[in-house]
Asks: 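Right, I'll just put the structure down here and ask away after.
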Amino acid sequence: MRRAPVDLPAPHGDNNIEREPLWYAYAAGDDEPPVPPWTWTAEPPMAAHVHPPAPDVVRRGAHVPLPVGTTGLLEAAAFPRGRVTAPHLPCADGEFDRVGHALVAALGAQWVDPDNAYNPHRGYASPRCLYPVQAFLERGGRRHLVSPETHSLVEIEANDKAGVGVGVGVERIILTGRYTRIPRGYKWFRGSLVNLEVGFVLRSLAIAFDLFGIAGRVRLPDSGSAALLAGLGLTPAGEWSLPLVIDIGGDAGPEGRPAPAVQAVRNTPAPEQAPPPEDPSPDDPSLTDLVRLNRTQLFPGPPTPLGTGIAPTAHPSTRAASWAEVMWRRNSGRMPRGLLGMNGRLCRMPAHWLRDAIDWLSVPPPGTVPRAVFDAVRITAVVQAVDGFADGIHRVRDGRAELHRADATAALRLEREYGYPLGPRAGCDIRHASGLWFLTARPRQVVAAFGPAGWSALQYACGWALHGLSLSAAAHGMFARPVRAFNEIPVQRLLDLEEDEMITLAAVVGTPRHASGALLDIRL
């Protein structure tokens, strides 16, 4: 293969929204991918976006309340080693509902910030609090949408014509992303935002399952996923990603054999490909394109244990009190009076903060392919004012931060390459962050080893990792803001990345400058 050109995938611009489909085309083998014609199509302003209406199968459904008292149970479980103990007496409505409480812990609404333009906030990060990843619960022969905003399960009718029934003894969670919950201005990048959020949600569910003592197994999108999506009756189908399934109950079993090396997986036969969507969007060509590719990103192999998302950290925070408190503190940075962005102040941090963050980042995701792909992810941290660590660029290797290059100005220079600069309406204190974390990979190598599913697996894994980082930050009284808004080419050079190394996800971690204000507690 000839040497990759400089400024991959193309030097026409440095905008993530424009570069993302080019990175995918390059990963699939095109050395000089053409710019898609819809790149320059005018779209409505981001601020004009509104949620699409709920599908008919959801609007007609009856609401079944989720259990209350989850916050109290989490208050009694110390972070990070405590686990929830079920009450000795049954709840008022009968048997203690572990799964219901776990859903509330993982997905439930936490608080409303009157100063924030985007509400309400849950226990995991989501772009603009849009939460495009929707969860469905099957149990007792019925299928429900999990509705955190109404603290309920909304019963939906199975689409019998799809030939996918709901078993009476089956209990499982289905995750699928609705791309149209994200503004059209994000174009093809909507697919990446959904995949990254799948990683956030999967980690949040794994933690909640562990806290409530529930076993689970993960089935990644496969040749049967298109029929399962049709069985949910979600229309139009061309707005939704292929579903990921968590089977509940049974013996979760050991983590099993280590994930095979990249070379061992390379010759795995490609799974049968699902059919293209039946309802493309002629007025939204980037959506049609990303859905078409989503239908090719299928995973081989049987379900694997969900495992735990909780880090076996040897460096826990001395400030954390309970799981409820840490979930409440988790935030992406706050601003006062309806302003956008985030502001922080540089505070000297103890060494155990950095080591704890690495412990949480290093927990591998479930699934053979995501776990193997995660091994190919490089973690780079720009650190400043941390005891025992020089200011500068560090690489994370074998669970430790190793100095790559001392550079006291790296954070300041990174702020100059951030897409949302400091201004009258937005805060931006990247120069005051304690840690700037970058998760990078070489996408062509990933896709060559795992096929198109490697692209999704990479994003699942990075979302999974950064949700862990966000909980670690919250335990230390810090914010963690996942971002993809850095100008990629200059940041690639500043961090000494390879020419074909893509920034999959990054996070700004720092001490908040502004107090939390009058947050409205909406936990139940």
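Just the heavy atoms: all of them, side chains too, but no hydrogens, waters or symmetry mates, feed the values below.
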Asks: With side-chain contact (heavy atoms from CB on, under 4.5 Å) as the test, pick out the partner of L458 among V373, N195, L505.
Replies: V373
Asks: If every non-hydrogen atom of L422 is compared with every non-hydrogen atom of C428, which pair is closest and at what distance?
Replies: N-CB, 3.6 Å
Asks: Around R425, counting heavy atoms of other residues, nucleotides and ligands shown, do more than 12 lie under 6.0 Å from its CZ?
Replies: no
Asks: What pairs of donor and acceptor atoms, side-chain ones from residues 462-470 against any protein atom, are under 3.5 angstrom apart with sequence neighbours left out?
Replies:
from : atom 1 : to   : atom 2 : distance (Å)
W464 : NE1    : V363 : O      : 2.9
S470 : OG     : H467 : O      : 2.6

Asks: Below 4.5 Å, heavy atoms only, C-beta onward: do F200 and V133 meet side chain to side chain?
Replies: no
Asks: Any side-chain heavy atom of H121 sitting closer than 4.5 Å to one from N119?
Replies: yes
Asks: Validate the cation-pi geometry between R444 and Y26: distance from NZ or CZ to the six-membered ring centre under 6.0 Å, angle to the ring axis within 45°.
Replies: yes
Asks: Just to verify, what does R431 make a side chain to side chain donor-acceptor pair (under 3.5 Å) with, not counting sequence neighbours?
Replies: E415, D429
Asks: Quick one: OG1 on T308 to CG on D210, what's the gap to the nearest 0.5 Å?
Replies: 3.5 Å
Asks: Do Y131 and Y124 make a side-chain contact, defined as non-hydrogen atoms from C-beta onward lying under 4.5 Å apart?
Replies: yes
Asks: For Y179 and N294, run side chain to side chain contact (heavy atoms under 4.5 Å, CB included): C-alpha distance rounded to whole Å, both residues' side-chain angles, the deciding distance at 0.1 Å, then the answer.
Replies: CA-CA 11 Å; Y179 300 117; N294 171 260; 3.4 Å; yes
Asks: Using modelled atom types only, decide if a donor and an acceptor are shared between the side chain of D500 and the backbone of P443 within a distance under 3.5 Å.
Replies: no
Asks: Donor-acceptor pair, distance only, cut-off 3.5 Å: does the side chain of N331 make one with the backbone of R329?
Replies: yes
Asks: I want to check a possible cation-pi pair here: R330 against W360, using under 6.0 Å from ring centre and within 45° of the ring axis as the test.
Replies: no
Asks: Are the ring centres of F450 and F299 closer than 6.0 Å?
Replies: no
Asks: Please enumerate all residues that pass side chain to side chain donor-acceptor pair (under 3.5 Å) together with H315, with sequence neighbours excluded.
Replies: none
Asks: One pair to check against side chain to side chain contact (heavy atoms under 4.5 Å, CB included): F479 and V508. What are the steps and the verdict?
Replies: CA-CA 8 Å; F479 69 84; V508 181; 4.2 Å; yes
Asks: Kindly indicate whether the side chain of L494, heavy atoms from C-beta on, has any atom under 4.5 Å from the side chain of I393.
Replies: yes
Asks: Just so I know, are the side chains of L497 and R378 near enough to count as touching, which here means a heavy-atom distance under 4.5 Å?
Replies: yes
Asks: Between T313 and D356, is any side-chain donor less than 3.5 angstrom from a side-chain acceptor?
Replies: yes
Asks: Please determine if R184 and D283 form a salt bridge, counting it only when a charged side-chain N lies under 4.0 Å from a carboxylate O.
Replies: yes
Asks: Just checking, any donor-acceptor pair under 3.5 angstrom between side chains of E417 and N487?
Replies: yes
Asks: Do R345 and H432 have a side chain donor and acceptor closer than 3.5 Å?
Replies: no
Asks: In Å, rounded to the nearest 0.5 Å, how long is the span from CD1 of I17 to CZ of F189?
Replies: 7.0 Å
Asks: Under a 3.5 Å cutoff, is there a donor and acceptor pairing between the side chains of E197 and S126?
Replies: yes
Asks: Determine whether W38 and K187 satisfy the following criterion, side chain to side chain contact (heavy atoms under 4.5 Å, CB included), listing intermediate values before the conclusion.
Replies: CA-CA 8 Å; W38 42 257; K187 297 181 185 287; 4.1 Å; yes
Asks: The test is salt bridge (Lys or Arg N to Asp or Glu O under 4.0 Å); show your working for R395 and E402 and say whether it passes.
Replies: CA-CA 5 Å; R395 307 279 197 223; E402 299 178 359; over 6 Å; no
